[in-house]
Amino acid sequence: MPRMAVLIVVLVVMATGALLAWPQVRGYWLYQQAQARILDVLPTTLPDGRVQLAIAYEFDLPRVAGKRERQVALGWQVGDAFFRPMPDPVVEAARADQVVRDLLDADSQRRRSRTVFFVANDPAGTAFILDETAAAPTHRLQLGAVLIGIGLLGGLYAWRRGAA
């Protein structure tokens with residue numbers, strides 16, 4: 001395969017990886033983060049039979065220099081995989097109880113921590129956690145990083161092949 005074709009394929013693979021990873025990289029760059037604890041999940045049955053889940057959580061605000069007291073804020077907003085605010089998640093009625101249990105049990109057993117994202121100037125008004133109610137979780141960041149790595153290895157291969 002000619003060197004130029006390999007380089008074009010490498011650039012396409014890396015661009016695809018960058019596009020997949022960009023929303024989460026941007027979200028981690030723009031927002032402050034803190035650890036969140038889910039306090040309660042309030043299910044509401046909709047007319048079509050599905051269940052809407054309102055998630056209430058608390059998080060510690062970063063300490064301000066010179067102040068010793070701990071500040072806690074409450075949040076209820078949820079964001080999607082692109083770090084955009086979204087309405088309360090809606091799940092099928094058959095999955096609702098299991099989703100509520102998973103959200104509450106994960107906090108009580110500390111199996112995994114949740115990250116709350118917020119703008120530093122307005123933590124209470126802008127705080128959100130990422131939606132965890134989807135049937136299949138998204139792995140965009142990991143997949144994007146793998147594609148970028150494959151692209152870099154392919155570029156190294158093309159460069160070494162051209163030097164030989």
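Partners of Leu153 under the side chain to side chain contact (heavy atoms under 4.5 Å, CB included) rule, at least two apart in sequence or in another chain, do not exist in this structure. By the salt bridge (charged side-chain N to carboxylate O under 4.0 Å, His left out) test, Glu58 pairs with Arg37, sequence neighbours left out. Asp48 pairs by the salt bridge (charged side-chain N to carboxylate O under 4.0 Å, His left out) definition with Arg50, not counting sequence neighbours.
Between Val72 and Leu61, every side-chain heavy-atom pair lies at or beyond the 4.5 Å cut-off. Taking 4.5 Å as the limit, some side-chain heavy atom of Met86 sits within range of a side-chain heavy atom of Asp131. At a threshold of 4.5 Å between non-hydrogen side-chain atoms, the residues Met14 and Leu147 do not count as touching. The shortest side-chain heavy-atom distance between Val116 and Gln33 does not fall under the 4.5 Å cut-off. Residues Thr44 and Val51 form no side-chain contact, since every pair of their non-hydrogen atoms from C-beta on lies 4.5 Å or further apart. You'll find the side chain of Gln52 stays beyond 4.5 Å of the side chain of Pro89, heavy atoms only.
When only modelled atom types and interatomic distance are considered, Gln98 and Arg101 share a side-chain donor-acceptor pair under 3.5 Å.
In terms of heavy atoms, Pro123 sits closest to Ala120 at CD-O, 3.6 Å. When all heavy atoms of Val119 and Thr126 are compared, the closest pair comes out as N-OG1, 2.9 Å. The two residues Val10 and Gly151 make their nearest non-hydrogen contact at CG1-O, 3.0 Å. Looking at every heavy atom in both residues, Ala21 comes nearest to Gly144 through CB-CA, 4.1 Å. Contact detail for Ala93 and Gly49: the closest heavy-atom pair is CB-O, 3.3 Å.
Atom CG of Leu20 is separated from atom CD1 of Ile148 by 9.0 Å, given to the nearest 0.5 angstrom. Between atom CD1 of residue Ile129 and atom CZ of residue Phe117 there is a gap of 10.0 Å, rounded to the nearest 0.5 Å. To the nearest 0.5 angstrom, Asp40 atom CG is 10.5 Å from Ile55 atom CD1. The CD1 atom of Ile38 sits 13.0 Å away from atom CZ of Phe59, with the distance rounded to the nearest 0.5 Å.
Applying the side-chain hydrogen bond (donor to acceptor under 3.5 Å, both in side chains) test to every pair with at least one member in residues 6-30, sequence neighbours left out, gives no pairs at all.
Leu46 shares a hydrophobic cluster with Val90; the chain of contacts runs through ILVMFWY side chains whose heavy atoms sit under 4.5 Å apart.
Cluster membership for Leu30 and Phe128, using ILVMFWY side-chain heavy atoms within less than 4.5 angstrom, is shared. Taking hydrophobic clusters as Ile, Leu, Val, Met, Phe, Trp and Tyr residues chained together by side-chain heavy-atom distances below 4.5 Å, Leu19 does not share a cluster with Val146.
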- Task: Go through Leu42 and Leu53 one step at a time and tell me if the side chain to side chain contact (heavy atoms under 4.5 Å, CB included) criterion holds.
- Result: CA-CA 6 Å; Leu42 307 170; Leu53 302 174; over 6 Å; no
Distance-only criterion, 3.5 Å: show the donor-acceptor pairs between side-chain atoms of residues 73-82 and protein atoms not counting sequence neighbours.
residue, atom, partner, partner atom, Å
Asp80, OD1, Phe82, N, 3.0
Asp80, OD1, Phe83, N, 3.2
Asp80, OD1, Arg84, N, 2.9
Asp80, OD2, Arg84, NE, 3.3
Asp80, OD2, Arg84, NH2, 3.2

